[in-house]
*Asks:* 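Please find one structure pasted underneath; my questions will follow.
Residue numbering restarts at 1 for every chain, and letters A, B, ... go by the order of the sequence lines. Please read these numbers as outputs of a predicted model, since none were measured by experiment.
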Protein chains: 2
Amino acid sequence: MANLHAPQIALPVHPGLIARSGEFAQGRPVAQPPVFFSAGSEVYAQGERCKGLYRIEFGAVRVYRLLSDGRRQISAFHLAGETFGFEADNVHHFFAEAICATGIHIIHASPTNGMSGELLPLALKSLVRAQEHLLVLGRQNAIERIAAFLSDMAERQGGLKQVDLPMSRADIGDYLGLTIETVSRVFSRLKQKGVIRLPSLRCVEIAKWQVLQDLAA
Amino acid sequence: MANLHAPQIALPVHPGLIARSGEFAQGRPVAQPPVFFSAGSEVYAQGERCKGLYRIEFGAVRVYRLLSDGRRQISAFHLAGETFGFEADNVHHFFAEAICATGIHIIHASPTNGMSGELLPLALKSLVRAQEHLLVLGRQNAIERIAAFLSDMAERQGGLKQVDLPMSRADIGDYLGLTIETVSRVFSRLKQKGVIRLPSLRCVEIAKWQVLQDLAA
DNA sequence: CGGCAAATTTGACGCAAATCAAATCTTTCG
DNA sequence: CGAAAGATTTGATTTGCGTCAAATTTGCCG
């Protein structure tokens with residue numbers, strides 16, 4: 001049951017070094033220049049005060065919580081173009097870490113900057129994602145979880161057959177409520193059945209799209 | 001694995017019969033008169049067009065999805081005072097049913113009625129709830145899930161020792177990703193350990209608050 | 001009140017995924 | 001390049017929860 005993960009130590013590289021990209025979009029201040037985070041570095045911590053929202057320029061982020069005994073649940077992965085960091089109050093209740101080299105716009109939301117109209121749709125997208133994921137964790141078995149995960153990742157990357165997995169097997173396990181061994185075994189099983197190919201550890205090629213969809217149920 | 005639930009048949013009793021309560025609060029139009037739903041009746045269905053948001057006056061609601069083979073995942077229970085029915089687009093992706101006799105205000109949100117300011121906090125509350133629940137489903141065992149569920153229900157009912165459970169064991173199971181047998185066994189185990197008492201099927205008395213909290217991890 | 005249907009509990013057993021263990025493969029970096 | 005550390009895969013075994021089955025309780029309605 002225990003599933004301990006030593007925190008990966010890596011410090012974020014802070015602004016100033018980074019070329020700033022468009023600070024204004026549609027005539028509104030969007031963010032400070034994008035901040036660069038190296039693989040494994042912390043974007044924010046549980047208990048930290050919210051500074052705003054986070055929009056990923058490139059890279060990927062995992063958002064998670066820990067139980068007191070070290071079990072970890074990743075509640076979401078976020079990819080380029082996605083916005084995360086919503087909280088009901090102004091304190092973070094989760095940890096967020098860059099999975100790989102990642103550039104993030106920090107959006108300092110305030111009542112005055114006219115962002116509020118776009119916040120709700122983004123928050124709702126997060127909500128729908130979380131609710132979909134509840135179904136997977138509550139009622140699907142290992143192979144269905146992996147199939148759903150791969151379908152989702154593929155879809156979010158434009159539906160190409162080649163899917164990039166920036167995260168480790170441990171991350172996938174902690175997202176799907178499985179152990180790394182089970183994740184690995186299911187990958188092997190899918191490969192052996194010809195549903196996917198694994199050109200490399202962090203890359204999956206979906207050979208039988210329809211079969212994967214059906215498995216995801 | 002399969003977990004079939006025949007839909008409970010009961011029709012909502014529609015307005016007109018119901019005395020209308022304050023249609024305006026703080027000078028804004030809030031809702032049509034509250035609508036009464038009998039136990040098991042449908043509030044909305046998956047695929048149905050969104051008519052607005054729903055605020056519970058009294059009673060309780062379950063929101064759920066079904067897999068093609070009938071497995072059901074309840075993503076949330078909603079109690080009196082709570083608002084539900086958020087979607088990213090204007091189509092419902094879940095089913096909502098009254099668990100018991102329930103009165104609901106249907107809030108026809110529109111850009112013009114000044115509700116929008118209050119929508120985001122409510123949506124975020126739903127989001128946080130869903131994320132908390134992910135941790136339970138992903139990483140907690142049966143006893144921890146039940147303990148977390150009972151703690152949550154107690155807290156939402158004002159922290160009293162006597163907790164009302166409007167929902168069946170089947171509902172609890174489908175919310176926590178467990179079978180009814182496992183739910184029942186865990187209740188028995190908690191009772192036998194003196195953590196809870198069961199004055200009746202739908203009522204739990206929390207005898208050892210701290211133990212329950214510790215179990216919820 | 002009495003009888004039936006549904007819900008819940010309890011028991012026996014099986015299985016999917018966890019755990020424990022060890023062999024590969026990959027990456028890092030001196 | 002080559003060694004060491006870490007990640008992943010694979011195998012053997014255990015176990016918590018699901019499944020199947022039956023007993024018991026509760027609620028409903030004439």
*Asks:* Figure out the CZ/P separation between A:F187 and D:dT8, and round it to whole Å.
*Replies:*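 The answer, rounded to whole Å, is 10 Å.
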
*Asks:* Do the rings of B:F84 and B:Y54 sit parallel, tilted or perpendicular, given the 30° and 60° boundaries?
*Replies:* parallel

*Asks:* When you measure from the side-chain N and O atoms of A:T179 to the phosphate of C:dA18, is any distance below 4.0 Å, counting only OP1 and OP2?
*Replies:* yes

*Asks:* At less than 4.0 Å, is any side-chain N or O atom of A:S168 found next to OP1 or OP2 of D:dA7? Yes or no.
*Replies:* no

*Asks:* If only side-chain N and O atoms of B:S188 are considered, is one of them under 4.0 Å from the OP1 or OP2 phosphate oxygen of C:dT10?
*Replies:* yes

*Asks:* B:Q192 CD to C:dT9 P: how many Å, rounded?
*Replies:*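 From B:Q192 CD to C:dT9 P: 14 Å.
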
*Asks:* It should be established whether B:T182 places a side-chain nitrogen or oxygen under 4.0 Å from OP1 or OP2 of nucleotide D:dC17.
*Replies:* no

*Asks:* Tell me: NZ of B:K191 to P of C:dT10, nearest whole Å?
*Replies:* 6 Å

*Asks:* Output the rounded distance in Å from CD1 (B:I146) to P (C:dT8).
*Replies:*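 Taking atom P of C:dT8 as the reference, CD1 of B:I146 is at 12 Å.
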
*Asks:* If the threshold is 4.0 Å, N to carboxylate O, is there a salt bridge linking B:E181 and B:R169?
*Replies:* no

*Asks:* Would you say C:dT10 has OP1 or OP2 under 4.0 Å from some side-chain N or O of B:R185?
*Replies:* no

*Asks:* Does the base of D:dC17 carry an N or O that pairs as donor and acceptor with the side chain of B:E181 under 3.5 Å?
*Replies:* no

*Asks:* Rounded to the Å, how far apart are B:Q140 CD and C:dA18 P?
*Replies:* 15 Å

*Asks:* Using heavy atoms to find the nearest nucleotide of DNA chain C for B:L198 and A:I143 separately, return the residue whose nucleotide is more 5′.
*Replies:* B:L198

*Asks:* Can the positive tip of B:R62 be found less than 6.0 Å from the middle of the six-membered ring of B:F77, inside 45° of the ring normal?
*Replies:*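 No.
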
*Asks:* Charged N to carboxylate O under 4.0 angstrom, B:E87 versus B:R49?
*Replies:* no

*Asks:* Of the options C:dT8, C:dA18, D:dC17, whose atoms approach the side-chain atoms of B:I180 most closely?
*Replies:* C:dT8

*Asks:* Nearest whole Å is fine: how far is C:dA6 P from B:D171 CG?
*Replies:*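 Value for this atom pair: 17 Å.
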
*Asks:* Rounded to the nearest angstrom, tell me the gap between atom CD in A:E144 and atom C1' in C:dA17.
*Replies:*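 Taking CD of A:E144 and C1' of C:dA17, I get 14 Å after rounding.
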
*Asks:* Using the rule given for salt bridge (Lys or Arg N to Asp or Glu O under 4.0 Å), can you reason through B:R129 versus B:D152, listing the C-alpha separation, both sets of side-chain angles and the distance that settles it, and then say yes or no?
*Replies:* CA-CA 10 Å; B:R129 246 182 211 304; B:D152 181 48; 3.5 Å; yes

*Asks:* For D:dT8, does either OP1 or OP2 sit under 4.0 Å from a side-chain N or O belonging to A:R202?
*Replies:*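 For D:dT8, OP1 or OP2 has a side-chain N or O of A:R202 closer than 4.0 Å.
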
*Asks:* Nearest to the side chain of B:S184, which nucleotide is it out of D:dT26, D:dC17, C:dT10?
*Replies:* C:dT10

